[in-house]
Amino acid sequence: MTNARRIKATGSSPLIRLRGLTKVYGQGEAAVHALAGIDLDIHDGEFVAVMGPSGSGKSTCMNIIGCLDVPTSGEYHFRGVEVDSLSSNQQALLRRHYLGFVFQGFNLLRRTTALENVELPLLYRGFGSSERRELALAALDSVGLTGWETHTASELSGGQQQRVAVARAIVTRPAVLLADEPTGNLDSTHGREIMDLLTEFNVSLGITIIMVTHEPYMAAYAQREIHFLDGRIQQDEARSLRGVRR
Amino acid sequence: MIISNALSLAVREIRRNLLRSGLTTLGVVIGIAAVIAMVNLGEGATTRVTGDIASLGRNLIIVSPGGDHNSGPGTTAPPFDVADAESIAREIPGVVAVAAVSSQLAVAVYGNANWPTSVLGTDNAYFDVREWSVERGRVFDAGELQAGKAVCVIGETVALELFGFQDPIGASIRFHKLSCKVIGVLDAKGQSSFGQDQDDLIILPLRTFQRRLTGNQDVALIFVSARSGQLTGKVQQDVTALMRERRHIPPGQQSNFQVSDMKEIVNMVESATGILTALLGAIAGISLLVGGIGIMNIMLVSVTERTQEIGIRLAIGAMERDVLMQFLVEAMVLSSIGGIFGVGLGLACSAIVGHYLDTPFVFNPLIIIVAVGFSCLVGVVFGYMPARRAARLNPIDALRHE
C-alpha cells in the first residue's frame, strides 16, 4: 500500500501516458498485431470515448491501461510511474486504489447480493464491516438501487446489474473508471441511464472515465473521442460541448 | 487481507454454493469413512476370533490320539484311558488340571421334546480347564463320579430346547437307554468363531459315560491346563515324553498322538487374521486413494469453474495471495467439515456393522489420523493448485474464462 500511496498527482505529467505501446498475439507468421504502436495522453478528469471497429485494438488498449493485460512493448506511465516495472502485486494495488472497472458483461459475482458485490473492493482495501456497509449502501443509493441491496445478481435486470457494477467501480472513489462497452448488453433506455450515471460521477466526483463503445450516441456523452483502426489511433478529437449529439 | 476476513469470505462462499460445497465435502466424507470402517471392522474381527479361542480355556493343551496324518475321530491309533490322564496329573509339574474327555452324539428326550446334541463324559476338572461354571445347580460330587451315577450337567441350549421356561434341575432326560437326572446348567458361552454352538452339550461323569453308553474304557481327548502361559511349552514337551513312554514308542519313531498348545492355535489364527487385516487395510488404502481422486476432481472442477470469479476479484484489486488465501481457507474449512463427518460416519458404520457381525468395536486413533490427514491434504492441495494457476493468469484471461 505504501507503494501505491506514493503515486501522487504531479502537475505536469498526465494521468495516463502511453508511448509506442504494442501488443502482439501469437508468434511468427500467425502473429496478430492488436496494438501497433499507440501514443496517448489522458489527463485527470477527462471523459474519453474510445471507438473503432471490432479487432481495432481498443479493448486491448483498455485492458493494458487497466493492468489486466500486459503490453508486448512500449511504455505505460500512470501518474509518472512506469507501470511495466511494477510487480503483479503492485499492479493489483494500482487496480485496488486507483482503478474501477465496468464491463460489458457486468461481471458481478453470481448468487451474491448487490450489497456484497459493492462491498467487495472495500474488503480488499481493508475496510471494517460497518464502514464497508455504509459506503456500499451510499454507492448503491447513488446509482438509484436503494431497496435492491439484498437481491442477488441473478435476480436483477441487466440495467440494474450494470448499475451495481457502476456502484462497485465508484465505491472506492477511483482516479479512473474504465468502462468496456458498458451499454453493449443493454437497450438504449437503460444504456442512457448508465451513461447519465457515468457523466454524473465524472462531473461531481472528478473521476476520469475511459469508455469503449460502438455506439456514436453513447460516445457523444464524452468530451473526447478516440478512434482506433488496425491497432493504431486514427483520430483523436476533443469536443467543446458535451453531448452535442444527444 | 486479514485472516478473519478470509475466513468470513470463505464461509460465505461455502454457504452460497451449498451443492458444490456438499459434493466436495462428500468426497472427503466417503474417503475417510470407508477407511475407518474397514480397518476398524478388520481389527474387530481379529479381536473377536482370538478372544473366542482364548475362551476355550487359558494355557490349554489338548492331547489327542493319532499322528500328523492319522488323527481325528476315524483314527486307528490306540485311544487313551483314564490312567493316562492320571499319570499326567501326577507326574508332570506345572499342571493345574487334567480332564479326560470322551464324547458321543445322542438325541436327548424330555417329555415330548427331543434334541440332537453331543454327550461328553468327563469329570469336574473339565469345568476348570474350560474355565466354565454352572449357572444354576451344581457340578458332580465325588460319590457320583466314583459310582458312575446317572446325573448330568447340561448346556444352555439343551436346557432351552428341552425345557423351555421350565426349571431343568432335578428333571430326568433320556438318551440312548440311559435316564439321567439334571443337576446343573452351565453358563452360556455363545457361538465359537467357527460357528459352533458351545452351549449345545450334555456332560456326564466319565465313568457313567463309559459304563452306560460306550461300554469301554477309552478316553478320546485329554485336556491339560498349565499353571501359566510360560509353562505351556515345557508341559507340552513333558506330556509328549510321558505319553511316548506309556505307549511304548521307540525313539526315532513318530508319535501316534498329538499334543497341541492352544497358544499355537491362537498364534496361527492371529497370523491368519493379521493377513485379513492387512488385506482390508490394502482395500482401505485403495478406497482412500479413490476418495482422494474424487476430492481432487471435485476441487479441480469447482476451482476451474470459478476462474472467472477469480478474474473479477483480481480486477477489483485482489492480489494473488488474497485469492489464494480465500481458496486455501475454503478448502481447509470444507476438508475439516468433511473430516468430522467422515470420522463420525466411519465410526458409526463400524459400530453398526460390527453389531450385526457380532464383532467388538475397536477404536484405532492412528487410522483416523491417517485417513483425515490424507483426505484433507488432498483437498487442500487440489483446492489450492488450480486456484494458484488461475490467480497467476493475466486478470483479463481469467475474466474471459468460460
Side-chain angles (χ1 to χ4, degrees), chain A residues 1 4 23 25 59-60 62-71 87-113 116-129 132 152-154 165 168-172 174 178 180, chain B residues 1-24 301-330 387-402:
Chain A
M1 203 180 271
K23 177 73 181 180
Y25 292 107
S59 285
T60 305
M62 281 283 280
N63 292 335
I64 290 171
I65 291 173
C67 299
L68 298 178
D69 206 349
V70 287
S87 69
S88 68
N89 278 342
Q90 288 172 317
Q91 291 194 10
L93 288 175
L94 187 69
R95 289 195 296 271
R96 183 184 295 182
H97 292 280
Y98 295 93
L99 306 178
F101 294 90
V102 176
F103 300 96
Q104 180 178 1
F106 319 138
N107 278 341
L108 300 176
L109 294 186
R110 285 175 300 168
R111 297 188 214 179
T112 305
T113 65
E116 285 171 336
N117 264 297
V118 178
E119 279 187 11
L120 207 55
L122 299 171
L123 188 78
Y124 289 118
R125 272 201 178 191
F127 283 86
S129 64
R132 282 205 303 266
T152 64
S154 48
R168 182 180 66 185
I170 58 99
V171 72
T172 58
L178 297 160
D180 193 351
Chain B
M1 196 168 46
I2 324 156
I3 299 276
S4 67
N5 265 354
L7 193 65
S8 75
L9 204 64
V11 170
R12 207 186 288 170
E13 280 302 316
I14 288 167
R15 288 176 50 185
R16 200 169 281 149
N17 292 286
L18 277 180
L19 181 64
R20 185 180 69 205
S21 313
L23 286 174
T24 310
V301 169
S302 85
V303 176
T304 308
E305 183 194 86
R306 293 171 70 185
T307 305
Q308 198 185 15
E309 177 196 327
I310 292 172
I312 294 172
R313 291 180 184 276
L314 291 173
I316 62 174
M319 288 191 202
E320 188 184 319
R321 64 161 183 255
D322 298 328
V323 173
L324 290 184
M325 176 73 87
Q326 180 197 334
F327 278 81
L328 193 63
V329 172
E330 269 191 56
R388 194 177 67 160
R389 198 180 53 203
R392 283 189 172 172
L393 289 174
N394 276 338
I396 195 67
D397 295 328
L399 268 173
R400 282 182 183 150
H401 185 90
E402 288 297 326

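In what follows, every heavy atom counts, from backbone to side chain, and hydrogens, waters and symmetry copies are set aside. Lettering of chains follows the sequences in order, A, B, ..., and the numbering in each one begins at 1.
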Got a second to check how far [X]'s [atom1] is from [Y]'s [atom2], nearest 0.5 Å?
| X | Y | atom1 | atom2 | value |
| --- | --- | --- | --- | --- |
| L109(A) | I316(B) | CG | CD1 | 7.0 Å |
| T113(A) | R16(B) | OG1 | CZ | 7.0 Å |
| N394(B) | C67(A) | CG | SG | 10.5 Å |
| S88(A) | L393(B) | OG | CG | 12.0 Å |
| Q308(B) | R110(A) | CD | CZ | 7.0 Å |
| R400(B) | F103(A) | CZ | CZ | 9.5 Å |

What part of [X] gets within 4.5 angstrom of chain A, counting heavy atoms only: side chain, backbone, both, or neither?
| X | answer |
| --- | --- |
| R12(B) | side chain |
| I312(B) | side chain |
| R306(B) | neither |

Highest number of heavy-atom pairs under 4.5 Å with chain B: which of D69(A), T172(A), L120(A), T112(A)? T112(A)
Based on non-hydrogen pairs under 4.5 Å, which of R95(A), R168(A), Q91(A) is most in contact with chain B? R95(A)
How far apart are the closest heavy atoms of A92(A) and A318(B), and which atoms are they? CB-O, 3.7 Å
In terms of heavy-atom proximity below 4.5 Å to chain B, should L108(A) be classed as side chain, backbone, both, or neither?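 For L108(A), the contact with chain B is made by the backbone alone.
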N107(A) portion near chain B, given a 4.5 angstrom heavy-atom threshold: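 Contact with chain B: backbone and side chain both.
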